[in-house]
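These notes concern the structure reproduced below.
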Protein chains: 2
Amino acid sequence: MKRRKGRHAKTESRKRDIVQAALRCFSEIGFSETSMEDIRRQSGASTGSIYHHFNGKERLAAAVYLEGIHDYQAGLIEVFQEDQDAREGLRSLVERHLRWVEENVQWSRYLFQKRHSGFMAETEELIAAMNRDLMEHASRWFSRHIKEGKIRRVQGDLYMSLTLGPCMEFTRQFLLGQTVTGVGKAIDVLADAAWMSLAAGARREKPGRTFGR
Amino acid sequence: MKRRKGRHAKTESRKRDIVQAALRCFSEIGFSETSMEDIRRQSGASTGSIYHHFNGKERLAAAVYLEGIHDYQAGLIEVFQEDQDAREGLRSLVERHLRWVEENVQWSRYLFQKRHSGFMAETEELIAAMNRDLMEHASRWFSRHIKEGKIRRVQGDLYMSLTLGPCMEFTRQFLLGQTVTGVGKAIDVLADAAWMSLAAGARREKPGRTFGR
DNA sequence: GCTATATTAGAATAATATTCTAATATGAAG
DNA sequence: CTTCATATTAGAATATTATTCTAATATAGC
């Protein structure tokens, strides 16, 4: 009779150690600059172990990326599920983003400063799925507020750019240590800006077209 | 008597070939995925030649980055030097950015999708200088329009985020082939958004603080 | 044409990623 | 609590790729 496949008890903690070590290395000295030897030393795992759990440097990098982006996106999705008015919602999104960055500088450095190079050939579909999920939540949220006449209609692929684009740009500067403005203050200004650029009824020439369409 | 040092005639064209080949490789398959052998083959240069002109993979990558960012920033600086009113100026910035991306997809992929990993230890100061230069032009431009009461005061490190942040985000999606909206339409909407988020006198709670201070 | 220097070629070397083989640990079944 | 299938680990062997080195060749100025 076939035995059941079973994961060993310590396997998850070992994987965590490896991911942690990889994240440290990647975010501090960069992907191509860190050697498997670095990761091996920092994680305490053996070469064989690393290659057993992940499949190589690229797959490991992809796993690290996935874990981080998942946690980040989860925060945004929570906001989309809350029942706030448009302006408060936009502010929450901005706030979530910047607070997450502030509290997860290492992840942020890896996720936002350095874009996935191409080492996710395998993982591409997973990432795409995660993005689709996020976008669905976003779409519903924006549609609702458009219907209520609070948020103006523009092309669907522009909403996230308008909401989080300035935050992303600020984030990059922040991670490079090139900002003076504190995160709290930045939240105020950027939330305000998002609102002004998306609020319905502001002066402007031509209205855009629908989101859900 | 000492001979003058002299560059050979074909040296520049050879360097160009190498940079071109590197750009193609880096933007198509990524920095760490391309081997020096790839670049050697595509450029037609020999290993020795590549290492003579640049100093290794990282320095080559830095050179490629510098060339691209210089051309990109030059376009923005031109706009800052033109004498347009605030709204038109913001629109020109957005337009310059997106048109440049559209016409330089390969460079854009390298510059914007993949952030400089860390391979510019040497070049860091040069990049910083280029950024300072751009920022000075930006600073003057914004200050002028703030004085004229057309653009509102916010923290100095937020102006570029508000102006080009949404463009940058749109750019990333565009480069991933995840946009439907055409560049022309995007320019309209994003220019409008930049204006609305930066125009003086819009409804908002508290004013920010000065740029030039 | 001569000479110092820049440039090139490609082999030799060094660094690093990956694979492989064998050992050890673990958990489920009996 | 023993056994066995499988998961996990270790680390040496190998393969790949970046870099260095040596010697040849081309070029510019005299």
Side-chain angles (χ1 to χ4, degrees), chain A residues 1-26 28-64 117-123, chain B residues 1-26 28-64 117-123:
Chain A
M1 193 164 294
K2 289 241 173 95
R3 295 290 164 88
R4 264 204 296 125
K5 283 191 181 186
R7 300 188 99 50
H8 289 187
K10 279 187 271 187
T11 180
E12 281 309 317
S13 93
R14 163 72 22 124
K15 283 176 81 167
R16 254 199 306 285
D17 290 346
I18 295 171
V19 167
Q20 265 319 106
L23 172 60
R24 252 202 312 285
C25 293
F26 291 159
E28 277 166 22
I29 62 180
F31 173 74
S32 68
E33 286 85 353
T34 86
S35 66
M36 293 304 267
E37 174 62 16
D38 291 336
I39 295 169
R40 195 188 59 66
R41 223 170 324 113
Q42 288 224 15
S43 65
S46 70
T47 308
S49 191
I50 297 175
Y51 276 83
H52 171 73
H53 289 299
F54 304 91
N55 237 317
K57 206 178 166 189
E58 303 202 340
R59 296 286 197 83
L60 175 53
V64 174
S117 289
F119 34 70
M120 7 274 273
E122 289 291 318
T123 333
Chain B
M1 193 163 294
K2 290 239 174 96
R3 294 289 165 89
R4 269 205 292 126
K5 282 191 181 186
R7 301 187 97 50
H8 289 188
K10 278 187 273 187
T11 181
E12 282 309 318
S13 93
R14 163 74 20 127
K15 283 176 81 167
R16 255 198 306 284
D17 290 346
I18 296 171
V19 167
Q20 265 319 107
L23 172 60
R24 251 202 313 283
C25 293
F26 291 160
E28 277 166 22
I29 62 180
F31 173 75
S32 68
E33 286 86 351
T34 87
S35 66
M36 293 305 267
E37 173 63 16
D38 290 336
I39 295 170
R40 195 188 60 65
R41 221 166 330 109
Q42 288 224 16
S43 65
S46 70
T47 308
S49 191
I50 297 175
Y51 276 83
H52 171 74
H53 288 298
F54 305 90
N55 237 318
K57 208 178 166 187
E58 302 202 339
R59 295 286 197 83
L60 174 54
V64 175
S117 288
F119 34 70
M120 7 274 273
E122 289 291 318
T123 331

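Quick note on labels: first sequence line is chain A, next is B, and so on, each numbered from 1. Computed over heavy atoms, backbone and side chain alike; hydrogens, waters and symmetry mates excluded.
The side chain of B:His8 approaches D:dA26 more closely than any other nucleotide in the set D:dA26, C:dT18, C:dA9. Looking at the side chain of B:Ser46, the nearest of the listed nucleotides C:dT19, C:dT8, D:dT8 is C:dT8. Minimum atom distance to the side chain of A:Tyr51 is reached by C:dT19, of the listed D:dT20, C:dT19, C:dT8. Checking D:dT8, C:dT8, D:dT19 against the side-chain heavy atoms of B:Thr47 singles out D:dT19 as nearest. The side chain of B:Met36 sits closest to D:dA18 out of C:dT7, C:dA17, D:dA18. In this structure, of C:dA6, D:dA10, C:dT18, it is C:dT18 that holds the atom nearest to the side chain of A:Lys57.
In this structure the side chain of B:Lys15 reaches within 4.5 angstrom of the side chain of B:Arg7, judged on heavy atoms. Using a 4.5 Å heavy-atom threshold, the side chains of A:Arg40 and A:Ile50 count as touching.
Rounding to whole angstrom units, CZ of residue A:Arg40 and P of D:dT9 are separated by 14 Å. A straight line from CG of A:Asp38 to P of C:dT16 spans 8 Å, rounded to a whole angstrom. Following rounding to the nearest Å, B:Lys15 (NZ) and C:dT8 (P) show an atom-to-atom distance of 11 Å. Between the CD1 atom of B:Ile50 and the P atom of D:dT17 there is a distance of 15 Å, rounded to whole Å. Between A:Asn55 atom CG and D:dT8 atom P the separation is 13 Å, expressed in whole Å. With rounding to whole Å, B:Arg59 atom CZ is found 11 Å from D:dT19 atom P. D:dT19 atom P lies 10 Å from atom CD of A:Glu33, rounded to whole Å. Per the geometry, CD belonging to B:Glu12 stands 13 Å off C1' belonging to C:dA6, to the nearest Å.
Within the 4.0 Å cut-off from OP1 or OP2 of D:dA28, not a single side-chain nitrogen or oxygen of B:Arg7 is found. In this structure, A:His52 does not reach the C:dT19 phosphate: none of its side-chain N or O atoms is under 4.0 Å from OP1 or OP2. Of the side-chain N and O atoms in B:Lys10, none sit less than 4.0 angstrom from OP1 or OP2 of C:dT7. Not one side-chain nitrogen or oxygen of B:Ser49 sits closer than 4.0 Å to the OP1 or OP2 atom of C:dT7. Between B:Arg14 and the phosphate of C:dT7, there is no side-chain N or O to OP1/OP2 separation shorter than 4.0 Å.
Atoms OH and CZ, on A:Tyr51 and A:Arg59 in that order, are 12.0 Å from each other to the nearest 0.5 Å.
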Audit row: A:His53, A:Thr11, side-chain contact (heavy atoms from CB on, under 4.5 Å) steps and yes/no: CA-CA 9 Å; A:His53 289 299; A:Thr11 180; 3.0 Å; yes
query: Given the rule in the side-chain contact (heavy atoms from CB on, under 4.5 Å) test, do A:Lys57 and A:Thr34 qualify, once you have shown the distances and angles that lead to the verdict?
result: CA-CA 10 Å; A:Lys57 206 178 166 189; A:Thr34 86; 4.1 Å; yes
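By the 4.0 Å N-to-carboxylate-O rule, B:Glu12 lies too far from B:Arg16 to be salt-bridged with it.
Contacts of B:Gly48 with the nucleic acid, taken as non-hydrogen atoms under 4.0 Å apart, include base atoms. The residue B:Ser35 sits close only to the backbone: its heavy atoms come under 4.0 Å of sugar-phosphate atoms, none of a base.
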